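If you scroll down you'll find the structure; I have some questions about it.
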Amino acid sequence: MIKRCVLAVGLAASTLAQAGNPIVKDIFTADPAALVDNGRVYLYVGKDDAPAGGKDYVMNEWRVYSSCDMQKWTDHGSPLGYGAFKWAKGSAWASDIVKRGGKYYFYATVSHASIPGKAIGVAVSSSPTGPFVDARGSALITNDMTRETEIGWDDIDPAVFVDDDGQAYLYWGNTVLKYAKLKPNMTELDGPIHTVGLEAFTEAAYLHKHKGSYYLSYSRKFPEETVVMRGPTATGPWSFGGVIMEKNSKVNTIHQAIVDFNGKSYIFYHNAKLPGGGEYRRSVAVEELRYGPDGKILPVAQTAEGPAANPSPGCT
Ligand code: FUB
């Protein structure tokens, strides 16, 4: 199924031979994050390592894949695991990535080793495929920094967004959505933590901008469905924009990421459709995402085929 090849840059990588969903067919993958850089789309996932019948997440590392056309994907291996954060003790949960000043900043959920609960770290690399190293040597967000809920997993699922004026924002949360500005160094908060009141917010907030509108998508309810809010700024005010994707059948989570690539828009998400899949054995997939003439995101159906090939000029 996997053909070994060597990229022009000299890094060993593997080409995934079969197009269609799920994107990765040889391991279980979850919690997609995506980045478009130099005409290539990079997909970051958590590796679901739970055994068949497992009762909890087993996630120790992230993996990165890339494509020039949204159909053929190259496997670049693991750019980091939770062990990149010396202060963490496990749980390579959901992540997000952004490029700034020629560097790639990877925000990641992990379990903190000494502060009970989940935490968010930031790692940095000079390449989108890593390796990434801890950019701070300490967590950016810890469970004791927010007090809206008693649960230990309410500080998860980072989503980073840099606005056109250069202001960066970090959104995150489970049960309660929070956000804060980031300093230009991308490794420190710049001001207070705010909360956003969203109906039935569960997790997986994601902020993107398209044709002048800001879209805040998230997982609503449990089992989760993906819904979107729309607003005039990166911090709202938000108006409900509808359900983008209906809930999964064999897994409660769905976790989306949305990017524009080569003139089209795409949504990455996960389900449990790979044979042997389930709650803790998920699979990342992708579909084209379309906007109506009024800028409303249209509902997206999950498909086995995935999007049509969209070759990015000059991308090899
Ligand atoms: O993968 C672990 C958690 O499940 C993520 O952080 C959530 O978004 C959900 O997908």
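Computed from a predicted model, the values in this text were never measured in an experiment. For ligands, and for the atoms within them, numbers begin at 1 and follow the listed sequence. One is the number of the first residue; the rest follow in order along the sequence.
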Is any side-chain N of the basic residue among Arg63 and Asp75 closer than 4.0 Å to the acidic one's carboxylate O?
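Asp75 and Arg63: salt-bridged.
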Using a strict 4.0 Å cut-off to heavy atoms of His270, name the atoms of ligand 1 that fall inside it.
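That gives atoms 10 (O) of ligand 1.
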With Glu279, which residues qualify under salt bridge (charged side-chain N to carboxylate O under 4.0 Å, His left out), at least two apart?
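Glu279: no salt bridge (charged side-chain N to carboxylate O under 4.0 Å, His left out) contacts found.
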Could you check whether any side-chain N or O of Asn262 sits under 3.5 Å from a backbone N or O of Gly39, counting only pairs where one atom can act as donor and the other as acceptor?
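Between the backbone of Gly39 and the side chain of Asn262 there is no qualifying donor-acceptor contact (under 3.5 Å).
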Closest non-hydrogen protein atom to atom 6 (O) of ligand 1, residue and atom name please, with distance?
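The answer is Asp157 OD1, 2.5 Å.
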Is there a donor-acceptor contact under 3.5 Å from the side chain of Gln71 to the main chain of Pro307?
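Answer holds: yes.
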Considering only protein heavy atoms, which is closest to atom 1 (O) of ligand 1, and at what distance to one decimal place?
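Heavy-atom neighbour on the protein nearest atom 1 (O) of ligand 1: Asp31 OD2, 2.4 Å.
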Show the atoms of ligand 1 that are less than 4.0 angstrom away from any heavy atom in Tyr57.
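In order of numbering, the contacting atoms are 2 (C), 4 (O).
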Distance-only criterion, 3.5 Å: show the donor-acceptor pairs between side-chain atoms of residues 89-98 and protein atoms not counting sequence neighbours.
unit_1, atom_1, unit_2, atom_2, d
Ser91, OG, Ser111, OG, 2.8
Asp96, OD2, Val160, N, 2.9

Per-atom contacts of ligand 1 with Ala94, taking only distances under 4.0 Å to non-hydrogen atoms
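Ligand 1 atoms under the 4.0 Å threshold to Ala94: 6 (O).
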So, does Thr109 sit close enough to ligand 1 that a heavy atom of it is under 4.0 Å from the ligand?
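It does not; every heavy atom stays at 4.0 Å or beyond.
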Does ligand 1 have any atom sitting under 4.0 Å from a heavy atom of Arg282?
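Heavy atoms of Arg282 do come under 4.0 Å of ligand 1.
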Quick one: does His112's side chain get under 4.5 Å of Ser114's, heavy atoms only?
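Yes, close enough: below the 4.5 Å cut-off.
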Got the closest protein heavy atom to atom 9 (C) of ligand 1, with its distance?
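Ranked first by proximity to atom 9 (C) of ligand 1 is Glu203 OE2, 3.3 Å.
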Checking the N or O distance criterion of under 3.5 Å, is ligand 1 in contact with Trp93?
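No.
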Do you know which of Tyr179, Tyr206, Tyr171 makes side-chain contact (heavy atoms from CB on, under 4.5 Å) with Leu216?
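Answer after filtering Tyr179, Tyr206, Tyr171: Tyr171.
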